[in-house]
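Okay, handing you the structure first.
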Amino acid sequence: MGRRKLKVRTLECVKARQAKYSKRKVGILKKAKELATLCDIDLALLMFSPTGKPCLYVAKLEKKMKIFLEKLAAIPVEDREAREELLQMHQSQLKELKNRLKERKRILREWTNPQNVSEPAQLRIMEDHIQTALDRLQTKKVRTKTLNLVFWCNKSTPRKTPNPHTKMV
C-alpha cells in the first residue's frame, strides 16, 4: 500500500502542530545537508518552531557564518529590490492568467453544456462566436478553391520552354 498525499493546511491543535514540526524538522535538515553535500553549496537554514524557538543549520561548518552572511549582504540592495519587483510583477501576471484561465474554463463548461446557460446575453455571445467561426471557414474555403483553380489552370496550360538540344540561330 502506497503513501497518500496529505492536504497541507495549518493544524488547529498546538500539540499536534509541535509534534508535526519536530518530525518534519529532522527530514528537512537531512535534505538540506544532502543538498549542500551533493551540490557543494553554502547553505543556511533558519526555522522557528511553533513556540518561537529558532533552529539554525549551516552547511559546510568549516566556513564561518560571518562569511556566509557577508556573501548575502554583498548583493546590492537595488538587485534585491529589483528581484522583489520582478517577483511581484510575475505574481500579478500569474494572478491575471489564473483569472483568464478560470473564465475560459467557465466558458468551455458552457460550450460543452449549452443547456446549463441561463443568461440570454451569454447565448448571444456563443451565437456570435459560432457566426464568426463560420465566416472564417467560408473565407478559407473560397481562398482554397481560388488557389486550387489557379494551380490547375497553370498546370494545364503548356509552357514554351526552350529545348536545350536545339541551337538558336
Heavy-atom closest contact (E12 atom, R17 atom, distance): O-NH2, 3.5 Å
Donor on one side chain, acceptor on other, N99 and E103, under 3.5 Å: no
Nearest-0.5 Å distance that lies between atom CG in L45 and atom NZ in K25: 10.5 Å
R124/E127 ion pair, N-O < 4.0 Å: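 So R124 pairs with E127 through a salt bridge.
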Residues C55, L29; criterion side-chain contact (heavy atoms from CB on, under 4.5 Å); working and verdict: CA-CA 10 Å; C55 173; L29 290 174; 4.2 Å; yes
Criterion side-chain contact (heavy atoms from CB on, under 4.5 Å) on V14 and Q18, from CA distance to verdict: CA-CA 6 Å; V14 177; Q18 182 62 36; 5.6 Å; no
Spatial distance of atom CE (M47) from atom OG (S49) [nearest 0.5 Å]: 9.5 Å
Other residues, nucleotides, ligands: >12 heavy atoms within 6.0 Å of I28 CD1: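 No, CD1 of I28 has 12 or fewer neighbouring heavy atoms, counting only those of other groups under 6.0 Å.
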Atom pair CG/OG1 of L43 and T37 - distance to nearest 0.5 Å: 9.5 Å
Inter-residue atom distance L101.CG - R104.CZ, 0.5 Å rounding: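 Between atom CG of L101 and atom CZ of R104 there are 9.0 Å.
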Atom pair NE2 (H129) and CG (L134), whose distance is rounded to the nearest 0.5 Å: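 That separation rounds to 13.0 Å.
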Worked check of side-chain contact (heavy atoms from CB on, under 4.5 Å) between K33 and Y57: CA-CA 9 Å; K33 182 179 178 183; Y57 172 75; 3.2 Å; yes
Linked, directly or transitively: Y21 and L11 (ILVMFWY side chains, under 4.5 Å): no
Sole residue of Q91, K98, E96 in side-chain contact (heavy atoms from CB on, under 4.5 Å) with L94: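 By the side-chain contact (heavy atoms from CB on, under 4.5 Å) criterion, L94 pairs with just one of Q91, K98, E96: K98.
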